[in-house]
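Working notes, structure below.
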Protein chains: 2
Amino acid sequence: MSDTVEKPPVPQDFDALRTAILERKGELPKRLTQVAAYALDHPDEIAFGTAASIAISAAVQPSTLVRFAQHFGFDGFSGLQLLFRARLRERTSSYEERLRTLEQDGAALAESTTIFNGFVAAAHRSVDAIAAAVDPDAFERAVTLLAKSDTIYLIAKRRSYPISSYMAYAFGKLKVRCQLVGTSAGIDDDMLAMATSKDAAFAISFSPYASESAAQARMMASRGIPVVSLTDSAFSPLAECSTEWFEVVEADHAGFRSLSASMAFAMALTVSIAEKRRRG
Amino acid sequence: MSDTVEKPPVPQDFDALRTAILERKGELPKRLTQVAAYALDHPDEIAFGTAASIAISAAVQPSTLVRFAQHFGFDGFSGLQLLFRARLRERTSSYEERLRTLEQDGAALAESTTIFNGFVAAAHRSVDAIAAAVDPDAFERAVTLLAKSDTIYLIAKRRSYPISSYMAYAFGKLKVRCQLVGTSAGIDDDMLAMATSKDAAFAISFSPYASESAAQARMMASRGIPVVSLTDSAFSPLAECSTEWFEVVEADHAGFRSLSASMAFAMALTVSIAEKRRRG
DNA sequence: GTCAATATGGAATGTTCATTCCAGATACGG
DNA sequence: CCGTATCTGGAATGAACATTCCATATTGAC
């Protein structure tokens, strides 16, 4: 008789290790759980870093890394690191292969895969496009404008609504007062009626433009309330009544657009405003 | 006058090094030529190995490796090795290069510009990451699962809510029956109670996980309703109760995450489901 | 063929790193 | 509330490592 304790075999590849970690994550002590999460979330760091550098990133002691490795049957941290490196070697080749396959014969793949790749590619193009299209000076002006306002009214309907809803969430976290317009019922106009010239509005609308959003933005503008807007064309009704406006053209896949670029823009605007306020 | 000898600049990336090696390989001594050939033929070995192990593989002395590196302007072997490691990292996300450019001249720009660039870069990285992380087969299974369900329940709170809200909008346009859970009031659980095993759920939750979402997903699962989920870590409570789950790690900028990659994924899923239904 | 300049191999060196060890902290059971 | 077992942080340790140095070998010029 050797041991009464059950000894699971040492994982031989990354997937086995991953499985083992997920299986035993419940019974792991606090710091080891922390390492487990870090390892699965930042595998590249584990592959390249030294025990010391990884320990700093994961906010643990180097010795904890060693203990973690030993928990899973390795001699020490180095043994575990080998798996992460092996994974990286394999992935580079297989990932390249995959890309090549995708580009060549999209027909042979499952339709869902084609659609997925299409949206990923569209997201890439959209983000590229917005990076090129947004004028830094205009962006800075918009940030200044919104940062000094009292309450920010977020106007968005339908397809744009998810963006403003995320901004509202983020503004909440950042302690920036805002009012989400377009939620429900018919109280939108009542809410907007309370806006003063100390406030500002951020409106989002994409073609086909919700006439309501445009009307609300115009109304705000006519009352001397600055309007910043995000839209997809210079011909948008929003453009003409806005103090500052930005164009984001989401690349489409099969006629459908994701909001990847708009989301990036929205977050950049949100965080910039909060940052500007914080600095005074 | 310092040196009459021409001093080519130290290569800053792998391609520059490769070019430099090819240019100067004629004037290199025997052993250094040997190292040069080995380096270009086995770049992965250089990235991961130690000077000693590489020396054995290349049939040279460790000191030769150091001399080789110094010939190309590096302090020592380690400096050269960094380039080989960086190359492997960039393979996975080739956007790193452009990121570095942005970061370099970010200091002189307005803060809002820096933030904007940061989010654009983060969006790019996120989209790259999700392209690599999503397994086409798993995606196809998820699509099949959701496409054959009667009603799709979309579970998401807080930060994830904008995504599900966009999916609900798109599903509506595509005539796919769905129920958005997490809107308001306390009617969520009542809505979920109506779900049968003919239905399915799609849950989204990112760290810090809303306990409500996890509980609801678990509840659905326990009643035999298939759950597909989108989350940001294998440790997510969603992962363990899902039939299929996907990991999307949104790169962050200054601690804030946009939803660019998640949005692309959501739209791909939505459209794929609609397409699968349409085809029968 | 001889000398000088360069290249090379291999041992010596100093540094960095993973690992171990121990003392204190924390959680757990009685 | 106390005692025990486990966990954690941090310093000590020893091994592995890149690098340097020097003696020898090789090359090329005269």
Side-chain angles (χ1 to χ4, degrees), chain A residues 3-7 10-11 17 21 24-39 42-86, chain B residues 3-7 10-11 17 21 24-39 42-86:
Chain A
D3 262 339
T4 54
V5 186
E6 196 179 325
K7 280 203 177 177
V10 183
L17 174 62
I21 291 176
R24 299 173 55 186
K25 72 167 178 179
E27 64 192 57
L28 249 41
K30 196 171 93 188
R31 284 293 123 94
L32 295 195
T33 309
Q34 202 174 324
V35 173
Y38 183 87
H42 308 274
D44 288 11
E45 288 301 315
I46 306 271
F48 287 117
T50 68
S53 69
I54 296 165
I56 292 170
S57 304
V60 296
Q61 291 288 326
S63 49
T64 306
L65 294 177
V66 176
R67 275 195 287 267
F68 176 79
Q70 287 168 342
H71 246 80
F72 287 92
F74 299 94
D75 277 355
F77 172 72
S78 304
L80 177 140
Q81 196 177 32
L82 286 180
L83 260 57
F84 282 78
R85 293 188 168 178
Chain B
D3 263 341
T4 53
V5 186
E6 195 178 327
K7 280 203 176 179
V10 183
L17 174 64
I21 291 175
R24 300 174 55 188
K25 73 169 180 185
E27 65 192 56
L28 249 39
K30 197 171 89 186
R31 285 291 124 99
L32 295 196
T33 309
Q34 201 173 324
V35 172
Y38 184 86
H42 309 276
D44 289 9
E45 288 300 315
I46 307 271
F48 288 118
T50 68
S53 68
I54 296 166
I56 292 170
S57 304
V60 296
Q61 290 289 324
S63 49
T64 307
L65 293 177
V66 176
R67 275 195 286 268
F68 177 80
Q70 287 169 344
H71 249 78
F72 287 92
F74 299 95
D75 277 354
F77 171 71
S78 303
L80 177 138
Q81 195 177 32
L82 285 181
L83 260 56
F84 282 78
R85 295 190 168 178

Q. What is the distance from CG of A:Leu65 to C1' of C:dC17, rounded to the nearest Å?
A. 13 Å
Q: Starting from C1' on D:dA16, measure out to CD1 on B:Ile54 and report it in whole angstrom.
A: 14 Å
Q.
Restricting to side chain to side chain donor-acceptor pair (under 3.5 Å), what partner residues turn up for A:Gln70, sequence neighbours left out?
A. none
Q) When you measure from the side chain of A:Gln34 to the backbone N and O of A:Ala58, does any donor-acceptor pair fall under 3.5 Å? A) yes
**Q.** Whole-Å gap separating C1' (D:dT6) and CG (A:Leu32)
**A.** 11 Å
(Q) Which residues pass the side-chain contact (heavy atoms from CB on, under 4.5 Å) test with A:Ala47, not counting sequence neighbours? (A) A:Phe84, A:Arg85, A:Leu88
Q | Value in whole Å for how far the P atom of C:dG10 lies from CD1 of B:Ile56 | A | 12 Å
**Q.** Atom-pair distance (NE2 on A:His71; P on C:dT19), nearest Å
**A.** 16 Å
Q: Apply side-chain contact (heavy atoms from CB on, under 4.5 Å) to B:Ser57 and list each qualifying residue two or more places apart in sequence or on a separate chain.
A: B:Tyr38
**Q.** Rounded distance (Å) that lies between atom P of C:dC17 and atom CZ of A:Phe48
**A.** 16 Å
(Q) Tell me whether the side-chain N/O atoms of A:Gln61 come closer than 4.0 Å to OP1 or OP2 in D:dG10. (A) yes
(Q) What does the B/S/- profile of nucleotides 18-24 of chain D look like, 5' to 3', with a 4.0 Å heavy-atom cutoff to protein? (A) SBB----
(Q) Nearest whole Å is fine: how far is C:dA18 C1' from A:Leu80 CG? (A) 13 Å
Q: List for me each residue that meets side chain to side chain donor-acceptor pair (under 3.5 Å) alongside A:Ser78, sequence neighbours excluded, and say none if there are none.
A: none
(Q) Whole angstroms only, please: what is the CD1-P distance between A:Ile46 and C:dC17? (A) 16 Å
Q | Test ring pair (Phe, Tyr, Trp, His ring centres under 6.0 Å) applied to B:Phe77 - qualifying residues, sequence neighbours left out | A | none
